[in-house]
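To start, the structure itself, in structure tokens.
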Amino acid sequence: MLKTHTCGELSHDCVGQVVTLAGWVHRRRDHGGLTFVDLRDRWGLIQVVSDPEYAEAHETMSGLRAEYVIQVSGNVRGRPDGASNPDMVSGDIELVAQHVKILNVSKTPPFDINKVSKVEEGLRQKYRYLDLRRSNMLANLSLRHKTISFIRDHLSQSGFLEVETPMLFKTTPEGARDYLVPSRLHRGKFYALPQSPQQLKQLLMVAGIERYFQIARCFRDEDQRGDRQPEFTQLDMEMSFVEQEDVLQTIEILITELVANLTEMKFQQTPWPRFSSEEVLNRFGTDKPDLRFGVELQDVTELVVESELKIFSSAETVKGINAEGCGNYSRKQIDSLTDFVKQYGAGGLAWAVVGDDGNVSRSSFRKYVDENTMHALKKKMQAKPGDLLLLVASDVDVVHDSLAALRVKIGEKIGVYDTNLLACCWVIDFPLFNWNERENRWDPSHHLFTAPLTEDIGHLDTDPGRVRGSQYDMVCNGYEMAGGSIRIHDSALQQQIFDLIGLDKNVALERFGHMLEAFEYGTPPHGGIAVGIDRLVMLLAQEKNIREVIAFPKSQQATDLMVGAPSTADVDQLNELHISITDSTSSKIE
RNA sequence: GGUCCCGUGGUGUAGCGGUUUAACAUGCUGCCCUGUCAAGGCAGAGAUCGCGGGUUCGAAUCCCGUCGGGACCGCCA
């Protein structure tokens, strides 16, 4: 080893020891006759000071520059009186440089590594290896490691077996778009990278593993969001002989202990509250509500249906939120909220400001509704002086989508919640099917193997829309953190579901024949869940984008700005894969 | 596929039709400096304003296109 200690492990106890350290020049303070260098490695920072007594080392020290890689040997000593630095972990000691060796020089980095400053995202990604040297990124990677490590330990102790599943898998038309991998040996055929190990973990249950987990990389070729990357990591789990309650408990205990062990964060409520999907939809307009603040949706359809205003009287649903204390919003601010909800398909935003006297002082619709209606509206929405009421009238989906987004926007402004708070909840009792208007059929709302709730099985034939699935989502601070279900393990029931969604037998056999066949060999009742690791670590690190907790993320256009992927391939490679590239102009012509 | 925001010395920003020779901070280079820790002082180098086109007597500034980054809708559990 080129070092005897790390920069982070030296303390006042080491005073008097002769040590050798190696790392990067974090910062240099050159006083001419005396030079200080903060030496950085993975584990910490320590001040190295040159002593003119060691002339050669002193000379080398003054020639150092930021990010040079050096090796320093010398005596650890306590700093002189008044010279210690309380902001530094090793602030009461320093290393006297007796021998300094430059192991490597560095160009001036394209951005500051030794301070937390804004840097353009593209630049950070291009020089990711430098970005990762910055303290907050190192902290995030470290937290990620600890999270995964904790999960592995915890689940191993609970009898779970970690099993790896293949990355070269089979394409499935359901769900997200697959990343395809062309086969060299089989002309015209493709593997697909797994969207998740869903089928394989069920097959592991057939295999008798009983308790499986995997820190699994998943791939989905869909457009990016702050919490979505083309490849991401899930804690994938599956258990046999369990009921829904067992899965929920397993995760709740795991996450609770993880948070307690690794962070200072607190849960808003324990045990985590549970809501039906219907309830959260009605109260928050979304199935992933941020529960750190109130501002719930109020249904005022009945109150305004008689109004002269056509947007109210003709709407399927009218709901609103009370933006408490936002009565001072200017017309311009309100207009920007209107533009905001239009993104979600809303025609506009009806609004009313409650004045100091408790009456509506400004409103976009006051002249179209009578006093009684306005009064009822205020009462229903618990409006106080200084509040701003915001209403959306449209079909129920648009109302929910737009108000859910508006609620979060308002909540961020007025919520003033503790950033150390985790508001986790379970959302359960999802409908098993959604009616697909365009195709005129029922679609599974989760996936094909989700079991219906036992008490709802009777409705399968008569009223599929009423059937709830044994499906559950774990939601935290407005993010979907985990989702799973109890699976169907009965061939007859599985066939009934296939029939119901109109999946042709031959098609089912072609796509899922391996599953159906496996299920005929003594499949145990089983269920599972998958936790989004990137999102989890993002929340624990209090970041707003999962890029911040991924070492080498993709850009919004799904490119890697550091290595320049995707890239073209040699003609020879393409030929081997039996691929020819079509002219982009010809495929664009309608 | 769509909407919106951003692009100015290495970095982060200001300037948003004409006293701009493009400003400020930081970084960088050199010199001075023995107790600093975002060290300090002095001096200096460094951007034709992402790219292309247009409007104009005049464009970093206005318009169109394009490229790149980001946020979001669609998409995606």
Side-chain angles (χ1 to χ4, degrees), chain A residues 26-39 45-53 58 62 65-67 79-88 90-91 94 107-127 130 174-178 195-196 198 218-230 232 234 277 286-288 336 339-346 398 401-402 405 408-409 427 430 434 444-447 450 471-475 479-485 529-532 535 544-545 547 554-557 559 561 588:
Chain A
H26 192 63
R27 221 174 249 125
R28 183 182 56 106
R29 294 177 292 281
D30 190 346
H31 290 227
L34 190 68
T35 301
F36 300 97
V37 160
D38 290 340
L39 183 67
L45 275 178
I46 187 167
Q47 174 167 288
V48 178
V49 59
S50 72
D51 189 327
E53 193 184 322
H58 178 67
S62 59
R65 294 292 182 272
E67 300 307 313
R79 293 205 197 171
D81 285 346
S84 59
N85 180 359
D87 297 330
M88 208 167 163
S90 62
E94 62 192 3
K107 287 165 63 173
T108 301
F111 48 79
D112 292 326
I113 285 164
N114 55 19
K115 62 180 75 162
V116 180
S117 56
K118 267 191 211 165
V119 181
E120 194 210 329
E121 186 56 38
L123 201 65
R124 291 181 61 196
Q125 286 181 43
K126 180 177 177 189
Y127 296 99
L130 297 180
E174 302 74 24
R177 201 173 289 119
D178 282 322
Q195 296 178 26
S196 80
Q198 179 60 40
C218 306
F219 304 85
R220 293 178 189 168
D221 187 3
E222 298 292 349
D223 289 346
Q224 314 289 290
R225 288 293 184 278
D227 61 350
R228 275 164 40 189
Q229 283 269 317
F232 59 100
Q234 285 188 343
S277 68
T286 171
D287 54 14
K288 42 177 186 174
S336 90
D339 289 339
F340 179 73
V341 295
K342 282 180 179 171
Q343 289 182 80
Y344 299 86
V398 168
D401 286 352
S402 46
V408 170
K409 198 180 177 70
V427 179
F430 286 86
N434 292 321
S445 60
H446 186 52
H447 62 69
T450 302
Q471 183 199 336
Y472 29 86
D473 280 359
M474 194 273 252
V475 175
Y479 292 97
E480 186 193 321
M481 296 298 308
S485 62
I529 193 164
V531 183
R535 289 179 188 174
K544 287 199 151 52
N545 195 302
R547 275 194 309 265
K554 301 281 189 289
S555 76
Q556 194 158 66
Q557 297 305 311
T559 62
L561 298 172
K588 268 187 186 167

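A, B, ... follow the sequence lines: proteins, then strands. Residue 1 opens every chain. Both backbone and side-chain heavy atoms feed into the values below; hydrogens, waters and symmetry mates do not.
- To the nearest whole angstrom, the two P atoms, one in B:rG1 and one in B:rC63, are 25 Å apart.
- Taking atom CD on A:Q224 and atom P on B:rG69, their separation rounds to 11 Å, with Å as the unit.
- One atom, CD of A:Q229, and another, C1' of B:rC76, lie 14 Å apart when rounded to the nearest Å.
- In this structure, the side chains of A:S445 and A:Q471 come closer than 4.5 Å at one or more pairs of heavy atoms.
- If you take CD on A:Q556 and CD on A:Q229, they are separated by 10.0 Å, rounding to the nearest 0.5 Å.
- Legend: residues meeting side-chain hydrogen bond (donor to acceptor under 3.5 Å, both in side chains) with A:T559, ordered by chain and number and at least two apart, are A:S555.
- The pair A:D38-A:R29 meets the salt-bridge criterion, with a side-chain N (NZ, NE, NH1 or NH2) lying under 4.0 Å from an Asp/Glu carboxylate O.
- The residue A:R225 sits close to a base: some heavy atom pair falls under 4.0 Å.
- B:rG27 atom P lies 14 Å from atom CD of A:E67, rounded to whole Å.
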Could you run down the sub-3.5 Å N/O contacts of the protein with nucleotides 1-4 of chain B?
unit_1	atom_1	unit_2	atom_2	d
B:rG1	O6	A:D223	OD2	3.4

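- A:E174 places its CD atom 16 Å from the C1' atom of B:rC75, with the value rounded to the nearest Å.
- Checking B:rU21 for Watson-Crick or G-U wobble geometry (two distances, each under 3.5 Å) identifies no partner in any strand.
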TODO: Please report the C-alpha distance between A:K409 and A:F340 in whole Å, then the side-chain angles of each, then the deciding distance to 0.1 Å, and finally whether the side-chain contact (heavy atoms from CB on, under 4.5 Å) criterion is met.
DONE: CA-CA 10 Å; A:K409 198 180 177 70; A:F340 179 73; 3.8 Å; yes
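- Separation of atoms CZ (A:R220) and CG (A:D178) is listed at 10.0 Å; rounding is to 0.5 Å.
- Applying the side-chain hydrogen bond (donor to acceptor under 3.5 Å, both in side chains) test to A:Q125 and every residue at least two apart in sequence or in another chain returns A:E121.
- B:rG40 is paired with B:rC32 under the Watson-Crick or G-U wobble criterion, all donor-acceptor distances under 3.5 Å.
- B:rU20 and B:rU48 have their C1' atoms separated by 13 Å, with the value rounded to a whole Å.
- Whole-Å rounding puts the A:D287 CG to B:rC76 P distance at 14 Å.
- Residues A:Q557 and A:R535 each lie close to RNA chain B; by heavy-atom proximity, the contact nearer the 5' end of the strand is made by A:Q557.
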Short heteroatom pairs, N/O only, protein and nucleotides 5-14 of chain B, under 3.5 Å:
unit_1	atom_1	unit_2	atom_2	d
B:rG10	O2'	A:P110	O	3.0
B:rU11	O4'	A:P110	O	3.3
B:rG12	OP1	A:E120	N	2.6

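- Nucleic acid contact class of A:H447 (heavy atoms, under 4.0 Å, all strands): none.
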Task: Reading 5' to 3' through nucleotides 36-46 of chain B, protein heavy-atom contacts under 4.0 Å coded B for base, S for sugar-phosphate only, - for none - done: BBSB-------
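- Counting only heavy atoms from C-beta on, A:Q125 has its side chain closest to B:rG69 among B:rC75, B:rA71, B:rG69.
- One can place CZ of A:R220 at 11 Å from P of B:rC76, the figure rounded to the nearest angstrom.
- Spacing between B:rA59 and B:rG53 at atom C1', rounded to whole Å, works out to 13 Å.
- We find that CD1 of A:I529 is positioned 12 Å from C1' of B:rA77, with the value rounded to whole Å.
- Figure legend. B:rG68 is base-paired to B:rC6; pairs are counted as Watson-Crick or G-U wobble with both atom distances under 3.5 Å.
- In this structure, the side chains of A:F232 and A:R535 stay at 4.5 Å or more apart for every pair of heavy atoms.
- For the pair A:R79/A:N85, a side-chain contact is recorded, criterion being any heavy-atom separation below 4.5 Å from C-beta on.
- Nearest nucleotide to the side chain of A:R547, out of B:rG35, B:rC72, B:rG70: B:rG70.
- Comparing the C1' positions of B:rA39 and B:rC16 gives a spacing of 38 Å, expressed to the nearest Å.
- Nearer the 5' end of RNA chain B, as judged by each residue's closest nucleotide, is the contact made by A:S555, out of A:S555 and A:Q234.
- Backbone-only contact: A:G175 has heavy atoms under 4.0 Å from sugar-phosphate atoms and none from a base.
- Checking the phosphate oxygens (OP1, OP2) of B:rU29, a side-chain nitrogen or oxygen of A:R65 falls inside 4.0 Å.
- Using atom C1' as the reference point in both B:rU21 and B:rC64, the two lie 32 Å apart (nearest Å).
- In terms of the side-chain hydrogen bond (donor to acceptor under 3.5 Å, both in side chains) criterion, residue partners of A:T35 (sequence neighbours excluded) are, by chain and number, A:D30.
- In the set B:rU34, B:rG70, B:rG74, the nucleotide with an atom closest to the side chain of A:N545 is B:rG70.
- Comparing the C1' positions of B:rG69 and B:rU11 gives an interatomic distance of 16 Å, to the nearest angstrom.
- Straight-line distance from the NZ atom of A:K126 to the C1' atom of B:rG69: 13 Å, rounded to whole Å.
- Put simply, A:N114 has no side-chain N or O that comes within less than 4.0 Å of OP1 or OP2 on B:rG27.
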